[in-house]
There are 2 protein chains.
Amino acid sequence: MTTPTVQAPRGPVTRKDVARYAGVSTAVVSYVVNGGPKKVAPATEAKVQDAIRRLGYRPNAAARALKLGSSETIGLVIPDNSNPFFSLLAHAVEDAAAELGYALLLTNSDGNLAKELRNVRNLAARQVDGVILSSVLMEPGLTDLESAEIPVVLLNHSAEAPGFNSVGVDLVAGAKSAVEHLIGHGHTSIALAMGTNTGNYYDGREEGWLQALAAAGLPEGPIVRTAFTREGGYAAGKRLLASASRPTAIFATSDLQAVGILRALHEAGVSVPGDIALASFDGSAEAEYSWPPLTTVKQPAKAMADAAVSALIGAHRGHESEQLIFPAELQIRQSCGCP
Amino acid sequence: MTTPTVQAPRGPVTRKDVARYAGVSTAVVSYVVNGGPKKVAPATEAKVQDAIRRLGYRPNAAARALKLGSSETIGLVIPDNSNPFFSLLAHAVEDAAAELGYALLLTNSDGNLAKELRNVRNLAARQVDGVILSSVLMEPGLTDLESAEIPVVLLNHSAEAPGFNSVGVDLVAGAKSAVEHLIGHGHTSIALAMGTNTGNYYDGREEGWLQALAAAGLPEGPIVRTAFTREGGYAAGKRLLASASRPTAIFATSDLQAVGILRALHEAGVSVPGDIALASFDGSAEAEYSWPPLTTVKQPAKAMADAAVSALIGAHRGHESEQLIFPAELQIRQSCGCP
DNA sequence: GTGAAAGCGCTAACAG
DNA sequence: CTGTTAGCGCTTTCAC
């Protein structure tokens, strides 16, 4: 029998078991597990490491969190991770958090204010070290986080939000560039398929569309307001097609809506971009594979996620809150009329 | 001054503060917070509730987790939540978990075995109460979870996995039904665009395709093996188009691949379903909005997620492991040739 | 370089 | 019905 007599410790093995096995104190085990704060003699360290391996010891995160007051976990609240843009964002947030050793508690609010509030509250109760919130509201109610002194950053938030850290995208400039591009193709009647937010605040994309039109001396095209979904876009497309003043181009405020519009257009036998040109916003992967591929304003999801996470983790009490706005870049494909 | 003298407790307020404020013991606070295990006089309860509200008390989840040995959290490991099917699944899992009061720690493995392992390990260390794993492997290495006695269920896992709880879909029957449908349209040369797993085990969808062909006395069409992505499908489409024996129909093992194939077909000017018919697998929302809309085998994501969560939460030690296989239903749209 | 011990916030026996 | 208290597993100060 070469195997040492490891009496299988009943139940999970704790730091105490390791200490006993290695013949040291529990403190020493802590020192080697955490690489500090005290130095340990190489020989002792080896003994401990060996004990850890043999016993299959895994530190208890809950105990650690209790002691340290930090769970090394952050919470993410997004409207819907089935939306390609948000799933991309969520993935990027997870990566950025993991990089720093944080795990991600994901919650969907389904665009529902009550659910958003519930999720935030729940996250606060779970001692997360911070919350990244993509709110349906312009000024989310964050009393729970505030009273728990949990840092927040608003993600995908492009409006003013004094007092909050936020990261968003330049909606106005992004939308403007898309509409200008459509204008460059010779269009003079450009509709807007505007997504409706629960919060119902004024959206920069509408402003950008307006500005581009005005700058070119063009009249306001028709606006149809609809959900930020494929279904919403589909409905918008049909309405636009039926309207007396049928536009020759459409700017949609999300790729998902554009995909819906595309379907409506195809069903009606109108050719894109021949009869009606189309551009949208988000730059999700789906936009690249629609037919025709969508010209879209691409949001730098990865960069935004990184910024949100580091703003959150770096957000030490007393920091000035800052509002980061990233530029969005027009990604030209074929739906606009480019070859 | 009508406001009672609430000396703002420095730092987070604990159960002790509440007890002091309400003039009761900490145990009583516990009883009212948890609704048990002891009864509390209504008057006392009211006092405590009031104290809780006034002080803004929120129980510390870490302490609770430490004491109870349960974090009320489950971990989910999926290949990629940017894949519409997985993002749908993740959303469904989150809903099902939330229903039972559990939060969801989300991790992506990016189809990468090392990352999958790392994520599982990390989740185990975080004292999750269970892990739902959509592994790249047929028989994932779960030593970390086993030694930590953390229950697992394999999700989206349709192969045999003795000893594990698993929930999956009937790949063979699903694929077969799609291919049979294509055969019903008169096709005799039906290609397979087969997704490649890292695990590289035999996939039931290939089997289903084969069976349908054999049952109809048809020769095996060409197979092209490619990634489970839009890009993979695109490459597959081009290869199929270029091959000497160009098929008249294609069965793709995922919607994403079908979307890629669609792009290749459109670019080549071949009409769908006129020149080449197409059917795929998953039933994601994206399939409904492609052009033409995809006939696809729909996986019951919601039901699968529910089953996985209840198998996990209900998974008491000693339970027999069971393997749930859900039927997948053919969703007929236009890409197959139906009007 | 190592160990003893206090205590993080909470639950639930046990005692009154 | 309410209070006292031990202890969950861990970190870290303080003493040796």
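So that the names make sense, note that chain A is the first sequence line, chain B the second, and so on, each numbered from 1.
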Whole Å only: how far is the [atom1] atom of [X] from the [atom2] atom of [N]?
X: A:Asn34; N: C:dT2; atom1: CG; atom2: P; value: 16 Å
X: B:Leu66; N: D:dA6; atom1: CG; atom2: P; value: 17 Å
X: A:Arg20; N: D:dC10; atom1: CZ; atom2: P; value: 13 Å
X: B:Arg126; N: D:dG9; atom1: CZ; atom2: C1'; value: 16 Å
X: B:Glu72; N: C:dT11; atom1: CD; atom2: C1'; value: 13 Å
X: A:Leu55; N: D:dG9; atom1: CG; atom2: P; value: 14 Å

Worksheet item: Which is true for B:Val24 with a 4.0 Å heavy-atom rule: it touches a base, it touches only sugar-phosphate, or it touches nothing?
Response: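 Sugar-phosphate: the residue B:Val24, judged by heavy atoms under 4.0 Å, touches backbone atoms but no base.
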Side-chain N or O of [X] less than 4.0 angstrom from OP1 or OP2 on [N]?
X: B:Arg64; N: C:dT11; result: yes
X: A:Ser30; N: D:dT11; result: yes
X: B:Thr26; N: C:dC10; result: no
X: B:Tyr57; N: C:dC10; result: yes
X: A:Asn60; N: D:dC8; result: no

Worksheet item: Which is it for A:Arg20 and A:Thr26 under the side-chain contact (heavy atoms from CB on, under 4.5 Å) test, yes or no, and what are the steps along the way?
Response: CA-CA 8 Å; A:Arg20 182 162 32 235; A:Thr26 60; over 6 Å; no
Practice prompt. In plain terms, say whether B:Lys115 and A:Asp95 are close enough for a salt bridge, that is, a side-chain N and a carboxylate O under 4.0 Å apart.
Written response: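 Yes.
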Fill in: A:Lys47 and A:Asp50 ion-paired at < 4.0 Å
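Judged by the 4.0 Å cut-off on N to carboxylate O distance, A:Lys47 and A:Asp50 do not form a salt bridge.
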Item to complete: State whether the distance check finds a donor on one side and an acceptor on the other, under 3.5 Å, for side chain B:Lys67 versus base C:dG9.
Response: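 Answer is no: no donor-acceptor pair is held.
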Worksheet item: Side-chain donor or acceptor of A:Lys16 under 3.5 Å from a matching atom on the base of D:dG9?
Response: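 Such a pair does not exist between side chain and base.
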Fill in: Side chain of B:Ala27 (C-beta onward), nearest among C:dT2, D:dC10, C:dA13
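Of the options given, the side chain of B:Ala27 lies nearest C:dA13.
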Practice prompt. Name the closest nucleotide to the B:Tyr31 side chain, picking from C:dT2, C:dC10, C:dC14.
Written response: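 My answer, after comparing the listed nucleotides, is C:dC14.
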Practice prompt. Step through the shown structure and confirm whether more than 12 heavy atoms of other residues, nucleotides or ligands are within 6.0 Å of CD on A:Gln49.
Written response: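 Yes, the 6.0 Å shell around CD holds more than 12 heavy atoms from other groups.
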Fill in: Toward the 5' end of DNA chain C, by each residue's nearest nucleotide, A:Gly23 or B:Leu68
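The residue whose closest nucleotide sits nearer the 5' end is A:Gly23.
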Item to complete: Decide whether B:Arg126 and A:Ser71 meet the rule of one side-chain donor and one side-chain acceptor closer than 3.5 Å.
Response: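 There is no such pair (donor and acceptor under 3.5 Å, judged by atom type) between the side chains of B:Arg126 and A:Ser71.
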Discussion item. Taking the nucleotide of DNA chain D with the nearest heavy atom to each, does B:Arg15 or A:Ala63 sit closer to the 5' end?
Written reply: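 Taking each residue's closest nucleotide, the earlier one in sequence belongs to B:Arg15.
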